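I have placed the structure first, in the form of structure tokens, so that the comments after it can refer back to it.
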Amino acid sequence: MKVLAAVSPGLKVLLERVGKLDVINQPGLLREGRMAAVIACNHVGWADSLWMAYAVYPRQLHYMSKQELFGSTLSRWVLEHGGSIPINRANPAPSSIKIAMDLLRRGEIILIYPSGTRSEEDIAFKRGAATLALHARVPLVPAFYQGPKHIQVTHLARRPLIRVIFGSPIPTAGLPPGKATALDLTRQLKSAITELRLITESERRAA
């Protein structure tokens, strides 16, 4: 992670040149030093991962990423030094879960896409984000990303507006562990992100 810490300021400057980020309703726990959380956000393309990291900067954001992305030596090095944790979406390995749990116990932030894939549609959520937050006893933070799927050279001349809007953290401390609780948390998360989506769509129509 030392590599990421060294290049993060430069990446921040680069992102500022290719987009205008508006962070809305960021919870205080994401700004404070060592408070752990699981952020759950919609996923439309690879650019949203970068903008979500910028939204919580200077804190480092870790990711649960599908293991297929770690196929080559180069991509594995980039992803691992960028804070990504490989995960088999069909059958998560205990080692991946342990890494994520250890990070949360150290007060880190992990981003999970509960849809499990890139999509602009309103699709069913998997319960991985809720399960991880529940077992780690950390808040589950809903978020919605509105912006480009990719970063393009044309964005240097005309910077697009990127919005990251956060919902109220969903507490998990004191809740009984188990599938039923994780499913209930996932339903709450789905409802919260849908509400954030409707807010951003309403504001876009009114603009």
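Note that this is a predicted model, so its numbers are computed, not measured.
The aromatic rings of H43 and Y113 lie parallel to each other, their planes meeting at an angle below 30°, with 60° marking the opposite boundary.
For L21 against W51, the heavy-atom pair with the smallest separation is CB-CZ3, 3.9 Å. Between I193 and P114, the closest heavy-atom pair is CD1-CG, 4.5 Å. Nearest heavy-atom pair, T181 versus P176, reported as atom, atom and distance to 0.1 Å: OG1-O, 2.6 Å. Across all their heavy atoms, P148 and A47 have their closest contact at O-CB, 3.7 Å. Scanning both residues, L104 and A37, for their nearest heavy atoms gives CD2-O, 3.5 Å. Across every non-hydrogen atom of V56 and L61, the tightest pair is CG2-CB, 4.0 Å.
The line from CD of Q188 to OG1 of T172 is 10.5 Å long, rounded to the nearest 0.5 Å. Distance check, rounded to the nearest 0.5 Å: CD1 of I110 to CE of M101 gives 9.0 Å. Atom OG1 of T200 is separated from atom CD1 of I24 by 8.5 Å, given to the nearest 0.5 angstrom. Between H62 atom NE2 and I112 atom CD1 the span is 12.5 Å, to the nearest 0.5 Å. With values rounded to the nearest 0.5 angstrom, H155 atom NE2 is found 11.5 Å from K20 atom NZ. How far NZ of K149 is from CH2 of W46: 13.5 Å, rounded to the nearest 0.5 Å.
Under the 4.5 Å side-chain heavy-atom criterion for grouping Ile, Leu, Val, Met, Phe, Trp and Tyr, Y145 is not connected to L198 through any hydrophobic cluster. In the hydrophobic clustering of this structure, L161 does not group with L14; members are Ile, Leu, Val, Met, Phe, Trp, Tyr whose side-chain heavy atoms approach within less than 4.5 Å, directly or through other members. Residues L156 and Y54 fall within the same hydrophobic cluster, defined by Ile, Leu, Val, Met, Phe, Trp and Tyr side chains chained together at heavy-atom separations under 4.5 Å. Cluster annotation: I39 is connected to L29 through the hydrophobic network of ILVMFWY side chains, with a link wherever side-chain heavy atoms come within less than 4.5 Å.
For R59 (side chain) and M35 (main-chain N/O), a donor-acceptor pair under 3.5 Å exists by modelled atom type. Panel note: side chain N25, backbone F166; a donor-acceptor pair is recorded below 3.5 Å. Between the side chain of D22 and the backbone N or O of R163, no donor-acceptor pair lies under 3.5 Å. Between the side chain of S202 and the main chain of I199, no donor-acceptor pair closer than 3.5 Å is present. When atom types are taken as modelled, the side chain of T186 and the backbone of A182 share a donor-acceptor pair closer than 3.5 angstrom. Side chain of S191 to backbone of R187: no donor-acceptor contact under 3.5 angstrom is found. Although no hydrogens or angles enter the test, the distance criterion places a donor-acceptor pair under 3.5 Å between the side chain of Y63 and the main chain of S49. Judged purely by atom type and a 3.5 angstrom limit, D184 has no side-chain atom pairing as donor or acceptor with the backbone of A180. Q26 places a side-chain N or O within 3.5 Å of a backbone atom of A55 that can act as its donor or acceptor partner.
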Between side-chain atoms of residues 128-141 and protein atoms elsewhere (two or more places apart, or another chain), which donor-acceptor pairs fall under 3.5 Å?
from : atom 1 : to   : atom 2 : distance (Å)
T131 : OG1    : R127 : O      : 2.8
R137 : NH1    : L134 : O      : 2.5
R137 : NH2    : L175 : O      : 3.1

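D102 has no carboxylate O lying under 4.0 Å from a charged side-chain N of R106, or vice versa, which leaves the two without a salt bridge.
Environment of CD in E16: crowded, with over 12 heavy atoms of neighbouring residues, nucleotides or ligands closer than 6.0 Å.
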C41 vs D48, side chain to side chain contact (heavy atoms under 4.5 Å, CB included): CA-CA, chis, key distance, verdict: CA-CA 9 Å; C41 184; D48 52 36; 6.0 Å; no
